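Structure first, then comments.
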There are 2 protein chains.
Amino acid sequence: MKSVSRSKRATIYDVAAAARVSTATVSRYLRGYDRITAEKKKRIQQAIAALDFEPHPIARSLALPIKRTLGLLIMRGSRAYADLFLAEILSGVTRAASALELSLMISVPSASSEIPSVVERIRRVVDGSLLLDVSLGDQTVRKLAAGGHPILLVNQVHSRIPSVSIDNYLGGKTAAEYLVKLGHTRIACLAGDTSISRQRLDGYLSGLAEGGLRPAEVVGCAFDREKARRAFRKIIKRRKPPTALLVASDWMAVGVLEEARALGVEIPRDLSVIGFDDAIIAETTVPALTTIRQPLERLGAEAVETLWGFVTKTEKTPGSSRKRFSEKSLAPKLVVRQSTAPPQL
Amino acid sequence: MKSVSRSKRATIYDVAAAARVSTATVSRYLRGYDRITAEKKKRIQQAIAALDFEPHPIARSLALPIKRTLGLLIMRGSRAYADLFLAEILSGVTRAASALELSLMISVPSASSEIPSVVERIRRVVDGSLLLDVSLGDQTVRKLAAGGHPILLVNQVHSRIPSVSIDNYLGGKTAAEYLVKLGHTRIACLAGDTSISRQRLDGYLSGLAEGGLRPAEVVGCAFDREKARRAFRKIIKRRKPPTALLVASDWMAVGVLEEARALGVEIPRDLSVIGFDDAIIAETTVPALTTIRQPLERLGAEAVETLWGFVTKTEKTPGSSRKRFSEKSLAPKLVVRQSTAPPQL
DNA sequence: TCGGCATATGAAATCGGTTTCACGTTCAAA
DNA sequence: TTTGAACGTGAAACCGATTTCATATGCCGA
């Protein structure tokens, strides 16, 4: 609203001169130190308003130990990146960052082994980093841990690094319970090959167990549409095929749906299929996919808030309690669409 | 590889002391000034290596006029954001940024009217900003233009702001030409309601015209699956329905496919459908969608390179040629899948 | 009335670089 | 041999904040 931005803005020296005080006093005012004479305080306020002064963020970063900036590292081509996850997580991340008045520095390494060097490069510019959906090798973790740079894993877990993620176990359990509730008894699982899908599978098993069931079959394959398609072919050709199928991801479920159509298996009449993720395609498959929705927007927001908590806490407490380990997980939610139904009698 | 990062790193003063020269000389060396005695140069190099010195980016930003950082503004909920576009553009942006050794500061305003204030906030930290897929009001444009901050519109155009975008006209023309080549003569267009879809429509018309054809019908509707579905219902109920349909976006085409299935219209036998965007779902619709693929990865890379060009050019030439206007557009490409075929005889 | 303590404030140092300016050398031209 | 232009170099100023340290002032109780 003020003057339409001349190229050089007022500095704290200009303000100090205009208010007839020292820069120290102006700085104190800016930082909320309150024992300043009312008279001078008022002059400072007026000077700031008149000059349209705003502290230079770079100068401030140089002088202060914290920069109010977080790093955001996303693996090129990661699942989060490839699915629509990215947009949703990013939405939460940016919303929370903006609420806390934090800046975000983004970087997209192309291999997880690059991460330590990326962190090394940006650590003097950011207060901490979010690692989005990367799985880390031990070597990498060791370097990172040694760095003394606050790090938070998002949508991934590791035994030695704090994380915020989706409760995949609970999601799996929810999915299984739903099929049980529908009345299915011959339920197969199409599991993925990552640690995340292992958790989902454990959830499936526990959900089935609570209903007094054991899976008709458990098949593992790569987290991939084409592989899932082939794996499904085997499952459905059994003498007594299952009436319901728990699939570890929506993209894998898409493969299942395709193969089912090709084989003339009608869904959900002949087979109920439930996916996981609520990926962008879940709504538009034929039939639309019942799935487990991940609260990704909240995941992103939670991540920023948690990491910022680390940063400020570490700052205040230079003391001992170093490795206050933290692992938080959010509950996913069942989304019922058209790929599930009670079993045919 | 060096010492595993102690918390305080060496400064230029340490290097100067170790090399027995002044900081001025070290700085000259760092900045590539070459008239330094071989002897001292070597001592400096050794000192830098021994101390694992790296200039502090914040201190450097404070002293130098350029910061080697670009702002990346993405509208919350924009199309780029919601489709998978984001991931692909971002991939190009980050690849190019990393090649130029630039940092990226990301921000996600929730309305285009917020953009000037966001720019105002980050302008002292970045050298220029990429505006991803935002359409700007005149008010907003005026503020931005007055700011004297390098700005580049990505995937959008405006008469007063430089831009990099997709050649939607050419894409439309390519799509139309393909249908003509297949032998279709009764071709309808389902256009969107944005300026981008207007360009696509113009391309359709020109492609048809070159084949000596005029569209059987042109219907406009919102850029939305449900709306497209309804609009398509009207088109297909004509006495002489078209044998092919040009649809302004893949998501609209999804609506068309759904309605076609509901009405028993078989695609591509009864009707060829061609979308636009090559959105993530294009590959998984039934049948898979023939569409126009946008070179989004290249778009992102081109954007960074172009904006950086502005920044460095402006820096070197403080002179006159202020408004060197630039508008670049990239050619999209036809991707043939299963939703198109020659017309039934 | 005086010592002592809390309070308000400014001068100067600091963060970690870059660059100007001035000075002493060297080397070529006059 | 003198002149002076080009070169290498360091001291100090600068970028724009924050913070320490020291001082001046006011207020208290003795």
Side-chain angles (χ1 to χ4, degrees), chain A residues 6-45 47-48 51-69 103 121-127 315, chain B residues 6-44 47-48 51-69 103 121-127 315 318:
Chain A
R6 59 204 145 288
S7 74
K8 285 297 172 194
R9 291 195 61 171
T11 73
I12 201 174
Y13 291 92
D14 302 324
V15 173
R20 285 169 292 137
V21 295
S22 72
T23 60
T25 305
V26 177
S27 179
R28 287 186 188 108
Y29 169 77
L30 291 172
R31 315 255 8 209
Y33 178 92
D34 210 32
R35 289 185 306 201
I36 301 176
T37 326
E39 164 67 13
K40 294 194 176 165
K41 196 166 175 176
K42 198 172 152 200
R43 292 212 306 263
I44 292 175
Q45 288 168 335
I48 288 177
L51 296 169
D52 188 25
F53 168 78
E54 195 145 352
H56 196 303
I58 294 184
R60 198 169 242 192
S61 293
L62 186 58
L64 291 174
I66 72 174
K67 300 120 182 43
R68 300 201 77 89
T69 303
S103 298
R121 200 180 316 135
I122 67 170
R123 61 175 305 159
R124 295 161 98 172
V125 181
V126 303
D127 301 308
E315 210 51 43
Chain B
R6 61 204 147 286
S7 75
K8 286 297 171 193
R9 293 194 60 170
T11 72
I12 199 174
Y13 291 91
D14 301 327
V15 174
R20 284 169 292 135
V21 296
S22 72
T23 61
T25 305
V26 178
S27 179
R28 287 187 187 106
Y29 168 78
L30 291 172
R31 316 254 18 229
Y33 178 93
D34 211 30
R35 289 183 307 201
I36 301 175
T37 327
E39 165 66 12
K40 294 193 175 165
K41 195 166 176 176
K42 197 172 152 199
R43 292 211 307 261
I44 292 175
I48 288 177
L51 296 169
D52 187 25
F53 168 78
E54 194 146 352
H56 195 303
I58 294 186
R60 199 169 240 192
S61 291
L62 186 58
L64 291 173
I66 71 174
K67 298 120 184 42
R68 298 201 79 88
T69 303
S103 298
R121 197 180 319 135
I122 66 170
R123 62 175 305 159
R124 297 161 99 174
V125 181
V126 304
D127 301 307
E315 210 51 44

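Both backbone and side-chain heavy atoms feed into the values below; hydrogens, waters and symmetry mates do not. Values in this document were obtained by computation on a predicted structure and should not be read as measured data. Note on naming: letters A, B, ... go to the chains in the order of the sequence lines (proteins, then strands), and numbering restarts at 1 for each one.
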Please check: side-chain N/O of A/T11 versus main-chain N/O of A/Y13, any donor-acceptor pairing under 3.5 Å? yes

Verify, without hydrogens or angle tests, whether A/R124 (side chain) and B/I58 (backbone) share a donor-acceptor contact under 3.5 angstrom. no

Interatomic distance, [X] [atom1] vs [N] [atom2] [rounded to whole Å]:
{"X": "A/I44", "N": "C/dT9", "atom1": "CD1", "atom2": "C1'", "answer": "10 Å"}
{"X": "A/I58", "N": "D/dT18", "atom1": "CD1", "atom2": "C1'", "answer": "16 Å"}
{"X": "A/I66", "N": "D/dA17", "atom1": "CD1", "atom2": "P", "answer": "17 Å"}
{"X": "B/D34", "N": "D/dT9", "atom1": "CG", "atom2": "P", "answer": "12 Å"}
{"X": "B/L64", "N": "D/dC14", "atom1": "CG", "atom2": "P", "answer": "17 Å"}
{"X": "A/Y29", "N": "D/dG16", "atom1": "OH", "atom2": "P", "answer": "21 Å"}
{"X": "A/D14", "N": "D/dC15", "atom1": "CG", "atom2": "P", "answer": "10 Å"}
{"X": "A/H56", "N": "D/dA17", "atom1": "NE2", "atom2": "C1'", "answer": "10 Å"}

Any base atoms under 4.0 Å from [X], or only sugar-phosphate, or nothing? Heavy atoms, all strands.
{"X": "B/V26", "answer": "nothing"}
{"X": "B/F53", "answer": "sugar-phosphate"}
{"X": "B/I36", "answer": "sugar-phosphate"}
{"X": "A/L62", "answer": "base"}
{"X": "B/R124", "answer": "nothing"}
{"X": "A/E39", "answer": "nothing"}

Kindly indicate whether the side chain of [X], heavy atoms from C-beta on, has any atom under 4.5 Å from the side chain of [Y].
{"X": "B/V21", "Y": "B/R28", "answer": "no"}
{"X": "B/I122", "Y": "A/S103", "answer": "no"}
{"X": "A/L30", "Y": "A/R60", "answer": "yes"}

Starting the side chain at C-beta, find the nucleotide from [options] nearest to [X].
{"X": "A/A24", "options": "D/dA11, C/dA11, D/dA17", "value": "C/dA11"}
{"X": "B/R35", "options": "C/dA8, D/dC7, C/dG16", "value": "D/dC7"}
{"X": "B/S22", "options": "C/dG17, D/dG10, D/dA17", "value": "D/dG10"}

Under 4.0 Å between a Lys/Arg side-chain N and an Asp/Glu carboxylate O for B/K41 and B/D34? yes

Taking only side-chain nitrogens and oxygens of [X], does any of them come within less than 4.0 Å of OP1 or OP2 of [N]?
{"X": "A/K40", "N": "C/dA8", "value": "no"}
{"X": "A/T25", "N": "C/dG10", "value": "yes"}
{"X": "A/S27", "N": "D/dT18", "value": "yes"}
{"X": "A/R43", "N": "C/dT9", "value": "no"}
{"X": "B/R31", "N": "C/dT19", "value": "yes"}
{"X": "A/R28", "N": "C/dT9", "value": "no"}

Mapping A/R20 and A/Y13 onto DNA chain C by nearest heavy atom, which one lands closer to the 5' end? A/R20

Return whichever of B/L30 or A/T23 has its heavy-atom-nearest nucleotide of DNA chain C closer to the 5' end. A/T23

